[in-house]
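There's a structure below that I have some questions on.
Small disclaimer: the values here were computed from a predicted structure and weren't measured. Throughout, numbering of the chain's residues begins at 1 and tracks the sequence.
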Amino acid sequence: PLPKSPPVEAMATQPFLSPLPPSVGHTRRILGLLSATVFVTITYEILPIGLLTPIAVGLGVDEQAAGLLVGGFALVVAVGSIPLSALAARFNARTTLLVLLGVMALSSGLFAASTNLAIAFVARLIGGAAHAVIFISVYRLALAVVPIQRRGRAASTVAIGNGVALALGVPLATALGTATSWRMAFVVLAVSFVVAGALVQLLVPQDLHDVGQRLSAATVLTAVRQAPLLQAGLTILILTAAHFAAYTYIDPILQQAGVAPAGISLVLLGYGVAGVVGLLAVTPFTDRRPRLLTIATMAVVAAAIAGLLLGRTSVTITVAAVIVWGLALGAFPVLGQVLAIRASPELPAAAAPMSNTSFNVGITLGSAVGGLILTTFGTAPLIIASVTVAVVITGLSLLPGWLPADRPAPR
């Protein structure tokens, strides 16, 4: 059993603000700001992939060495998310978020000013440590401004920043870095973190009731060891690994199908836009049917990746499969977050570090194993392996009790 902590029902009856809860309009502004914070954070995390070659040239290293800037960041997040989030749980979420936004600004600015790989690597490690904690702070604030039955919708709203970052943020920042300098792209991100911090200071009340405050690190660490949350985290990890095993190497897969190099960016843009559409489509239903929607999403992802195998010599089938893939996968991050919250009703704040860790471990594991399969066997076995893993976790999720059952959100 969890250590003694305020039950969800008690949290739900406490005032969200003193003396009144925020107005609907102000709640939307706060959730929009938190979504924008996620947007900038995800863009910073992923951007080096799109600018890897100019970054390597600017730092005087080869692309393999520059790849450490991506892998090191992901490793820090994967290893540090749960313990660092547990440590942060004892502090006020608003104050913690302000500090973390300052650290992210420092990381991005230092990275932009780096003259060698060592400085750049340190800058990314600092950013990775802040990234490991920032999501628990964001979700604690998001859960604090809505009644308990609207938590799924609040999580969905915040997660829109994730989808838009992948669909538009990273491509636009990559285009900026290509047109000017990779350093300029990270300067803009550093300024964005500062602006986000200023808006948090302006819009988020200091006396906001915090659903995660006064909870000890031991409580958080105990919560993430509970079977329901572990199973939700494992589901996120396995499907993310299946996805990134193939998606990391989508370039050679598309080229083999006959997509011209100049058209690959357009296909990926279509994938990203479809992801945002998928996310927006499930948002109204996340409070009611997260388990059903998650299983359906995973099944569609598996079918879409299988479509890549069927369309290995057809541009039309391949592009259609990629668009459907994006449509389904775009909904998965928010569904995973809502399931994690449902799996930890006594401590919903623990859902953020668990899902963050699961996503990053899945990204690292999937890309590493996918690269090994690709270089050893080729694209077809890679796609088959990705589909197989996706089908396995979909089947596992059908087992009674594996995921939290769909039911009306608690009132």
Side-chain angles (χ1 to χ4, degrees), residues 42 45-53 55-56 61-81 117 121 124-125 128 131 166 170 233-259 261 264 267-268 271 298 301-313 318 321-322 325-326 328-329 332-333 336 355-397:
I42 296 297
E45 177 186 12
I46 304 296
L47 183 57
I49 296 176
L51 295 173
L52 200 60
T53 298
I55 289 173
V61 297
D62 58 28
E63 291 185 0
Q64 183 177 5
L68 295 173
L69 300 171
V70 179
F73 187 100
L75 181 62
V76 170
V77 176
V79 173
S81 186
L117 182 63
F121 191 68
R124 289 288 288 177
L125 292 183
H131 184 285
L166 296 175
V170 175
L234 189 60
T235 302
I236 295 170
L237 190 158
I238 294 176
L239 188 74
T240 302
H243 163 69
F244 274 94
Y247 185 73
T248 304
Y249 308 98
I250 191 65
D251 192 317
I253 291 174
L254 291 176
Q255 290 194 47
Q256 186 178 51
V259 179
I264 290 177
V267 175
L268 296 182
Y271 169 93
M298 292 192 295
V301 167
I305 300 175
L308 297 177
L309 189 64
L310 299 175
R312 280 188 300 157
T313 58
T318 297
V322 170
W325 188 3
L329 207 283
F332 183 72
S355 61
N356 198 17
T357 297
S358 299
F359 276 118
N360 278 276
V361 172
I363 291 170
T364 305
L365 182 63
S367 58
V369 175
L372 181 62
I373 296 174
L374 178 66
T375 55
T376 306
F377 302 106
T379 57
L382 170 62
I383 295 171
I384 292 172
S386 179
V387 171
T388 301
V389 174
V391 169
V392 167
I393 189 57
T394 303
L396 194 61
S397 298

Inset, instruction - Output all residues satisfying side-chain hydrogen bond (donor to acceptor under 3.5 Å, both in side chains) with Thr388, sequence neighbours left out; order by chain, then residue number. - result: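 In terms of side-chain hydrogen bond (donor to acceptor under 3.5 Å, both in side chains), with neighbours along the sequence ignored, Thr388 is linked to no residue.
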Inset, instruction - With rounding to the nearest 0.5 Å, note down the distance linking CD1 in Ile253 to CD1 in Ile383. - result: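 These two atoms lie 4.5 Å from each other.
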Legend entry - Heavy-atom check, side chain of Pro48 versus side chain of Ile55, under 4.5 Å: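 Counting from C-beta outward, Pro48 and Ile55 do come under 4.5 Å.
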Inset, instruction - Give the minimum heavy-atom separation between Ser397 and Thr235, together with the two atoms involved. - result: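 Of all heavy-atom pairs spanning Ser397 and Thr235, the closest is OG-CG2, 3.8 Å.
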Legend entry - Atom pair CG/OG of Leu365 and Ser358 - distance to nearest 0.5 Å: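 With rounding to 0.5 Å, CG (Leu365) is 12.0 Å from OG (Ser358).
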Inset, instruction - Measure across Ser81 and Thr357 and return the closest heavy-atom pair with its distance rounded to 0.1 Å. - result: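 Heavy-atom minimum between the residues: CB-OG1, 3.0 Å.
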Inset, instruction - Might you point out which heavy atoms bring Ala390 and Leu239 nearest each other, and give the distance in Å? - result: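 It is CB-CD1, 4.1 Å.
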Inset, instruction - Start with the C-alpha gap between Arg312 and Thr318, add the side-chain angles, then the distance that decides, and say whether side chain to side chain contact (heavy atoms under 4.5 Å, CB included) holds. - result: CA-CA 7 Å; Arg312 280 188 300 157; Thr318 297; over 6 Å; no
Inset, instruction - Return yes if some donor-acceptor pair links the side-chain N/O of Thr240 with the main-chain N/O of Gly362 below 3.5 Å, else return no. - result: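 Judged by distance alone, no pair lies under 3.5 Å.
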Legend entry - Atom of Phe332, atom of Ile236 and distance for their closest heavy-atom approach: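 Residues Phe332 and Ile236, closest heavy atoms: CZ-CA, 3.8 Å.
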Legend entry - Pairs involving residues 359-380, ordered by first then second residue, that meet side-chain hydrogen bond (donor to acceptor under 3.5 Å, both in side chains) (sequence neighbours left out):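 Qualifying pairs: Gln256-Thr379, Asn356-Asn360.
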Inset, instruction - Show your working on side chain to side chain contact (heavy atoms under 4.5 Å, CB included) between Val389 and Ile238 and close with a plain yes or no. - result: CA-CA 7 Å; Val389 174; Ile238 294 176; 3.5 Å; yes
Inset, instruction - Could you pull out the closest heavy-atom pair between Val391 and Ala302, with the gap in Å? - result: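 Closest approach of Val391 to Ala302, heavy atoms only: CG2-CB, 4.0 Å.
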Inset, instruction - For Tyr249, check ring-ring contact (aromatic ring centres under 6.0 Å, His included) against everything at least two apart and list the hits. - result: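 In terms of ring-ring contact (aromatic ring centres under 6.0 Å, His included), with neighbours along the sequence ignored, Tyr249 is linked to no residue.
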Inset, instruction - Working to the nearest 0.5 Å, report the span between CH2 of Trp325 and CD1 of Ile305. - result: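 Trp325 atom CH2 to Ile305 atom CD1 measures 4.5 Å (nearest 0.5 Å).
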Inset, instruction - Over 60° means perpendicular and under 30° means parallel, so classify the ring planes of Phe244 and Tyr247, tilted if in between. - result: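 Judged by the thresholds at 30° and 60°, the geometry between Tyr247 and Phe244 is perpendicular.
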Legend entry - Leu237/Phe359 under side chain to side chain contact (heavy atoms under 4.5 Å, CB included): CA gap, chis, key distance, verdict: CA-CA 6 Å; Leu237 190 158; Phe359 276 118; over 6 Å; no
Legend entry - Non-hydrogen atoms of Thr394 and Met298 that approach each other most closely: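 That closest heavy-atom pairing would be OG1-CB, 3.3 Å.
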Legend entry - Heavy-atom side-chain contact between Phe73 and Ile46 under 4.5 Å: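 The answer is no; the side chains never approach within 4.5 Å.
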Legend entry - Donor-acceptor contact present, side-chain Ser386 to main-chain Leu382, <3.5 Å: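 The answer is no, because no donor-acceptor pair under 3.5 Å joins these two groups.
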Legend entry - Distance in Å, His131 NE2 paired with Leu125 CG, rounded so as to fall on 0.5 Å steps: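 It is 14.0 Å, given to the nearest 0.5 Å.
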Legend entry - Side chain proximity check, Leu308 to Val322, heavy atoms < 4.5 angstrom: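 Result yes, sub-4.5 Å side-chain heavy-atom pair found.
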